[in-house]
Amino acid sequence: MAYPSVVARRSASEMASTPAAGKSFFDRLVEVLVFYALVGVLAFAFEASMGNVFVQGWEFYAITLSLFLVMAYPGYVYRYLMRHRPGKTS
């Protein structure tokens, strides 16, 4: 017999690994945009601490958002395409 805390942790981790159990597409989109903004604020603070802050146009933000999404793709592949599900053999 397993301890209740171990069973609860196992079921919570299994629930988190299924995409339908957690967030909707809108929630994930907001999460990506919040992380993009957080990285942008950290980069701006780093640039300001070094000296001059350069003014950027919309093109800069479109390109950096595209790069942010491209760099996040390997995490998506690992989470949804490569991770082995419990009970599934390959």
Side-chain angles (χ1 to χ4, degrees):
M1 180 174 161
Y3 294 106
S5 62
V6 174
V7 172
R9 265 190 256 139
R10 187 182 317 136
S11 64
S13 67
E14 288 173 1
M15 279 183 30
S17 67
T18 60
K23 306 171 191 169
S24 67
F25 174 76
F26 180 73
D27 293 337
R28 294 188 192 278
L29 181 65
V30 168
E31 183 179 11
V32 166
L33 293 177
V34 166
F35 282 128
Y36 172 71
L38 179 67
V39 168
V41 167
L42 291 174
F44 181 81
F46 180 68
E47 184 181 12
S49 71
M50 292 179 62
N52 293 341
V53 176
F54 295 99
V55 177
Q56 304 294 341
W58 68 269
E59 297 93 348
F60 173 80
Y61 297 105
I63 290 170
T64 56
L65 179 61
S66 299
L67 285 172
F68 191 80
L69 293 174
V70 166
M71 297 299 173
Y73 186 70
Y76 169 80
V77 168
Y78 174 73
R79 178 168 173 94
Y80 295 107
L81 302 178
M82 291 181 58
R83 188 187 303 182
H84 297 287
R85 300 285 189 251
K88 187 176 182 181
T89 58
S90 46

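In this structure, the salt bridge (charged side-chain N to carboxylate O under 4.0 Å, His left out) partners of E31, at least two apart in sequence or on a different chain, are K23. For F26, the side-chain contact (heavy atoms from CB on, under 4.5 Å) partners two or more places apart in sequence, or in a different chain, are S24, V30.
Follow the hydrophobic side-chain contacts under 4.5 Å out from F68 and you reach L29 in the same cluster.
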Tabulate below the donor-acceptor pairs under 3.5 Å that side-chain atoms of residues 56-65 make, not counting sequence neighbours, or state none.
| unit_1 | atom_1 | unit_2 | atom_2 | d |
| --- | --- | --- | --- | --- |
| T64 | OG1 | Y36 | OH | 2.5 |
| T64 | OG1 | F60 | O | 3.0 |
| T64 | OG1 | Y61 | O | 3.2 |

I'd like a table of donor-acceptor pairs (distance under 3.5 Å, sequence neighbours excluded) in which one partner is a side-chain atom from residues 69-77, with atom names and distances.
none

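Looking at L42, N52, V53 one by one, the single match for side-chain contact (heavy atoms from CB on, under 4.5 Å) with E47 turns out to be V53.
Under a 4.5 Å side-chain heavy-atom criterion applied to ILVMFWY residues, the cluster that includes V41 comprises that residue alone.
The list of ring-ring contact (aromatic ring centres under 6.0 Å, His included) pairs with a residue in residues 38-57, not counting sequence neighbours, is empty.
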